[in-house]
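As structure tokens, the structure follows; a few thoughts come after it.
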Amino acid sequence: IITFHVDTGSGKLIELQKTDTAFNTAPRYTVFHPETDIVFENNENWPGICSYRFDAETGSLEQVQSLLIGDESYSRPNASDLVLNEQGTMLYAALRHTDEIVVIRTDGTGRMEEAGRVSCMGKGPRGLYLDGNRLFCMNQESGDIVCFELNEQGMPDTEHISAAQAPLAANMTMLEV
């Protein structure tokens, strides 16, 4: 994982630090905790999530925990997206090979614990988007977007969903109109 500083005067990226990860894990997405120095990342080739303590001055990352959320023997791509709620207490990770959304309880210290998992209600979850108490899952292979209501514990409610067809569901942006 490489961290950079953006020189606002020139617009250039200045490399700060390289952090080694386990061989061939292929870090994919990162999300920062909204109130602390913790950053979470998932991996393309290893079905897990790692948390790190981030030093903004030096760009260094110190690993806090790694959490296995899938089958390590699976050789195809695993993770496809990772989102964190506004409170920094629930992580949602999409796993392509099992068509699941893994829900992880966390806190400002970087400690993680799996809270549960649900079907993405489609095939090939590629993108996730959080909007308050709704979690949207863009399923690439089945070409749909599924909207889950989140219950009080932050778990997606598979009984109350809505879905829409999309030619290639990969990412989503919400606009207020």
Side-chain angles (χ1 to χ4, degrees), residues 1-6 13-74 76-120 125-138 148-157 171-172 174:
I1 301 172
I2 304 171
T3 56
F4 294 90
H5 167 75
V6 179
L13 291 175
I14 300 165
E15 184 177 313
L16 293 177
Q17 189 84 17
K18 287 184 181 177
T19 302
D20 290 332
T21 60
F23 176 73
N24 201 31
T25 56
R28 185 163 177 92
Y29 291 105
T30 57
V31 292
F32 284 82
H33 191 278
E35 298 174 3
T36 69
D37 60 351
I38 297 298
V39 61
F40 302 94
E41 63 89 10
N42 64 2
N43 301 276
E44 179 80 10
N45 296 332
W46 178 74
I49 296 175
C50 297
S51 59
Y52 297 89
R53 189 163 289 105
F54 174 65
D55 184 321
E57 288 287 317
T58 65
S60 68
L61 295 168
E62 174 190 351
Q63 189 169 342
V64 176
Q65 183 184 355
S66 63
L67 178 69
L68 183 67
I69 59 171
D71 182 357
E72 287 187 281
S73 67
Y74 194 76
R76 289 185 51 214
N78 289 287
S80 60
D81 209 352
L82 181 68
V83 294
L84 180 65
N85 70 356
E86 292 176 1
Q87 299 77 24
T89 57
M90 300 299 276
L91 271 169
Y92 301 89
L95 281 180
R96 284 184 274 172
H97 72 279
T98 59
D99 296 325
E100 291 178 308
I101 299 168
V102 182
V103 182
I104 298 146
R105 208 172 276 112
T106 188
D107 60 20
T109 69
R111 300 305 304 166
M112 300 176 287
E113 174 185 31
E114 186 175 321
R117 50 184 68 215
V118 298
S119 166
C120 68
R126 188 70 178 165
L128 296 174
Y129 181 82
L130 267 173
D131 182 35
N133 68 337
R134 292 184 192 93
L135 176 67
F136 295 86
C137 181
M138 284 61 75
F148 296 91
E149 296 290 326
L150 299 176
N151 65 24
E152 289 181 11
Q153 292 77 39
M155 292 296 295
D157 183 351
N171 206 341
M172 181 171 181
M174 296 290 274

In sequence, state the C-alpha distance, the side-chain angles, and the governing distance for T89 and T106, and then conclude on side-chain contact (heavy atoms from CB on, under 4.5 Å). CA-CA 5 Å; T89 57; T106 188; 5.6 Å; no

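- Going from atom CD of E86 over to atom CG of L130 covers 8.0 Å, rounded to the nearest 0.5 Å.
- Remark: the backbone N or O of C120 is not paired with any side-chain donor or acceptor of D99 at under 3.5 angstrom.
- Scanning for side chain to side chain contact (heavy atoms under 4.5 Å, CB included) contacts around N133 gives E149, with sequence neighbours left out.
- Q65 places a side-chain N or O within 3.5 Å of a backbone atom of M112 that can act as its donor or acceptor partner.
- In this structure, the separation between CD on E113 and CG on L67 is 9.0 Å, given to the nearest 0.5 Å.
- A tilted orientation is assigned to the rings of F136 and Y129, their planes being inclined by 30° to 60°.
- Put simply, the side chain of Y92 reaches to within 4.5 Å of the side chain of L150, judged on heavy atoms.
- Sequence neighbours left out, the pairs with a member in residues 48-57 that pass side chain to side chain donor-acceptor pair (under 3.5 Å) are E41-Y52.
- Rounding to the nearest 0.5 Å places CZ of R105 at 14.5 Å from CZ of R111.
- Proximity of a side-chain donor or acceptor of H33 to a complementary backbone N or O of G88 within less than 3.5 Å is detected.
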side-chain contact (heavy atoms from CB on, under 4.5 Å) between R126 and D81, intermediate numbers included: CA-CA 6 Å; R126 188 70 178 165; D81 209 352; over 6 Å; no

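- With contacts defined as side-chain heavy-atom distances shorter than 4.5 Å, the pair P47/L68 qualifies.
- Residues T19 and S60 fail the side-chain proximity criterion, which asks for heavy atoms closer than 4.5 Å.
- The backbone N or O of A22 sits less than 3.5 Å from a side-chain atom of T25, completing a donor-acceptor pair.
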Criterion side-chain contact (heavy atoms from CB on, under 4.5 Å) on V102 and E114, from CA distance to verdict: CA-CA 7 Å; V102 182; E114 186 175 321; 3.9 Å; yes

Verify side-chain contact (heavy atoms from CB on, under 4.5 Å) between T30 and F54, making sure each step is shown before the conclusion. CA-CA 12 Å; T30 57; F54 174 65; over 6 Å; no

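- Looking at T3, its side chain never comes within 3.5 Å of a backbone N or O of L16 through a donor-acceptor pair.
- I69 is not listed as a side-chain neighbour of E100, based on a closest heavy-atom distance of 4.5 Å or more.
- Between L91 and V83, every side-chain heavy-atom pair lies at or beyond the 4.5 Å cut-off.
- When side chains are defined from C-beta on, T21 does not count as touching N43, because their heavy atoms never get closer than 4.5 Å.
- Across C50 and Q63, no two heavy atoms sit closer than the pair SG-NE2, 3.9 Å.
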